[in-house]
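See structure below.
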Amino acid sequence: MSKPETKQCFAQRLLDWFDQHGRHDLPWQHNKTPYRVWVSEIMLQQTQVKTVIDYYQRFMQRFPDVSALADADQETVLAYWAGLGYYARGRNLHKAAQTVVKEWGGEFPQTLTEMMALPGIGRSTASAILAISHQQRLPILDGNVKRVLARYDGLPTWPGERATEKALWLRADALMQTDRPGDYTQAIMDLGATVCTRQRPVCEQCPFKSDCVAFQTDQTATLPKRKPKKTKPVRHAIVWLWHQADSDWIWLERRPEQGIWGGLWSLPETRFDLPEGEIEPHKTRQNLIKIKVESLPVATGDLIEWTTFQHTFSHYHLMMTPVSLPLSHAPQGEGQWVKVTQALSRGLPAPIQKVITQWEVNHV
DNA sequence: AAACCGGGGCA
DNA sequence: TGCCCAGGTTT
């Protein structure tokens with residue numbers, strides 16, 4: 001008789017996987033002093049393991065401990081960093097080494113807050129160092145971990161979002177139930193780097209394939225959710241529909257070659273952006289309409305402001321407000337009077353065509 | 001061209 | 001505190 005299966009906890013399954021399949025022979029995985037772990041973590045923030053190995057070994061040979069690093073001049077340090085990119089991090093590394101020597105007598109601090117006060121060390125890096133070198137149970141949340149957890153939980157929101165990130169930190173903490181925090185930390189990064197990869201994850205080899213939401217629901221390709229496209233700025237335009245009284249002749253202008261709808265015939269438009277801090281376009285728009293109409297030989301009585309509608313370009317939303325008004329004289333500017341039917345056959349921009357059609361329907 | 005990456009910096 | 005960006009690399 002088989003005993004009912006007791007599901008092992010996340011941490012234990014991760015560690016079992018790590019013990020059997022993880023990498024254990026990387027240069028920073030022996031003699032795990034805060035200094036050595038720190039240098040590896042900083043290098044690994046930006047570069048793949050296989051590239052880091054060589055750099056790390058050369059770096060350690062030249063700067064075997066934190067005081068050797070602190071004593072060197074920045075130029076020398078950066079020479080050993082050359083090729084890794086992100087030189088600000090190389091400079092921070094050097095600065096932090098000097099701080100550790102000066103402020104801490106050459107011993108790294110052992111609390112999260114003190115560690116995070118060092119330049120170039122944020123929460124995730126600080127936690128990694130303390131977990132790996134001092135067995136403190138502090139969760140990390142780097143790109144690997146975010147990916148693993150987002151898939152495991154089937155997280156439907158983008159990890160860069162405030163609330164999501166907060167939830168991920170809590171989750172990372174809750175799942176880290178182990179008496180081997182150092183190995184756990186390396187294990188989860190290793191899993192993310194070798195199995196739960198960004199594309200083409202090797203789910204067959206994953207210890208969580210039986211209960212990973214992403215795998216079970218075939219969402220590994222779409223999780224973690226990508227950063228939403230940057231929200232497009234909203235801009236505004238008044239579209240002038242000048243027409244001859246009691247007829248269907250309207251005023252068209254040719255757009256400049258450069259810019260949106262370059263060279264096309266269109267209705268004259270007035271672009272405007274809202275003043276700093278203003279959200280409501282109404283006032284600004286009214287003002288612009290007033291100024292415009294006052295410059296024309298007409299009474300405002302026949303002016304019609306149509307409903308504002310949105311047209312979206314690749315890089316911004318344009319809120320367009322058509323304003324129609326009968327005119328007896330041509331407005332100033334390069335343009336011509338055209339019969340509506342003619343206008344519509346000139347290949348106007350789609351939203352402009354829409355405006356004219358709508359006006360025609362309501363006007364005639 | 002666009003996504004990604006942890007930390008820093010700023011309101 | 002919360003949000004966004006600099007400075008790069010990778011896809």
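Numbers restart at 1 for each chain; the letters A, B, ... are given by sequence-line order, proteins then strands. Just so it is clear, the structure is predicted and the values come from calculations on it, not from any experiment.
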Kindly point out which of [options] is positioned nearest to the side chain of [X]?
X         : options                 : result
Arg226(A) : dG8(C), dG2(C), dC4(B)  : dC4(B)
Gln48(A)  : dG2(C), dT11(C), dT9(C) : dT11(C)
Tyr87(A)  : dG8(C), dA3(B), dC5(B)  : dG8(C)

Is the closest side-chain heavy-atom distance between [X] and [Y] below 4.5 Å?
X         : Y         : value
Arg137(A) : Tyr184(A) : no
Arg23(A)  : Phe18(A)  : no
Phe215(A) : Cys206(A) : no

Can you tell me how far [atom2] of [N] sits from [atom1] of [X], to the nearest Å?
X         : N       : atom1 : atom2 : answer
Lys225(A) : dA3(B)  : NZ    : P     : 15 Å
Lys227(A) : dT11(C) : NZ    : C1'   : 17 Å
Asn144(A) : dC4(B)  : CG    : P     : 13 Å
Arg147(A) : dC4(B)  : CZ    : P     : 10 Å
Arg162(A) : dT1(C)  : CZ    : C1'   : 10 Å
Ile140(A) : dC5(B)  : CD1   : P     : 13 Å
Leu93(A)  : dG6(B)  : CG    : P     : 17 Å
Leu84(A)  : dG8(C)  : CG    : P     : 13 Å

| message | Please give me every residue in residues 189-202 of chain A whose heavy atoms get under 4.0 Å of an atom in DNA chain C, ordered by residue number. | response |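 Output list: Arg198(A), Gln199(A).
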
| task | For nucleotides dA3(B) and dC4(C), find the distance between their P atoms and express it as a whole number of Å. | result |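 dA3(B) and dC4(C) have their P atoms separated by 16 Å.
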
| said: Would you measure the distance from the P atom in dG2(C) across to the matching atom in dC5(B) and give it in whole Å? | reply: 22 Å

Contacts under 3.5 Å, N or O only, protein and nucleotides 7-11 of chain B:
{"from": "dG7(B)", "atom 1": "OP1", "to": "Gly122(A)", "atom 2": "N", "distance (Å)": "2.8"}
{"from": "dG7(B)", "atom 1": "OP1", "to": "Thr125(A)", "atom 2": "N", "distance (Å)": "3.2"}
{"from": "dG7(B)", "atom 1": "OP1", "to": "Thr125(A)", "atom 2": "OG1", "distance (Å)": "2.5"}
{"from": "dG7(B)", "atom 1": "O5'", "to": "Gly122(A)", "atom 2": "N", "distance (Å)": "3.4"}
{"from": "dG8(B)", "atom 1": "OP1", "to": "Gly120(A)", "atom 2": "N", "distance (Å)": "2.1"}

| task | Report yes or no: is the cationic atom of Arg36(A) (NZ for Lys, CZ for Arg) under 6.0 Å from the centre of the six-membered ring of Trp28(A), at an angle within 45° of the ring normal? | result | no

| said: Are more than 12 heavy atoms, taken from residues, nucleotides or ligands other than Gln310(A), located less than 6.0 Å from that residue's CD atom? | reply: yes

| message | Assess the residue pair Trp359(A) and His243(A) against the criterion (ring pair (Phe, Tyr, Trp, His ring centres under 6.0 Å)); give the C-alpha distance rounded to whole Å, side-chain angles, the decisive distance to 0.1 Å, and a yes or no. | response | CA-CA 10 Å; Trp359(A) 172 81; His243(A) 61 98; 4.9 Å; yes

| query | Angle class for the Phe59(A)/Trp81(A) ring planes (parallel below 30°, perpendicular above 60°, tilted otherwise)? | reply |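 Plane angle over 60°, so perpendicular.
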
| Do the rings of His21(A) and Trp17(A) sit parallel, tilted or perpendicular, given the 30° and 60° boundaries? |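 Ring orientation, 0 to 90° scale: tilted.
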
| task | State plainly whether the residues Glu269(A) and Arg271(A) are in salt-bridge range, i.e. N to O under 4.0 Å. | result | yes

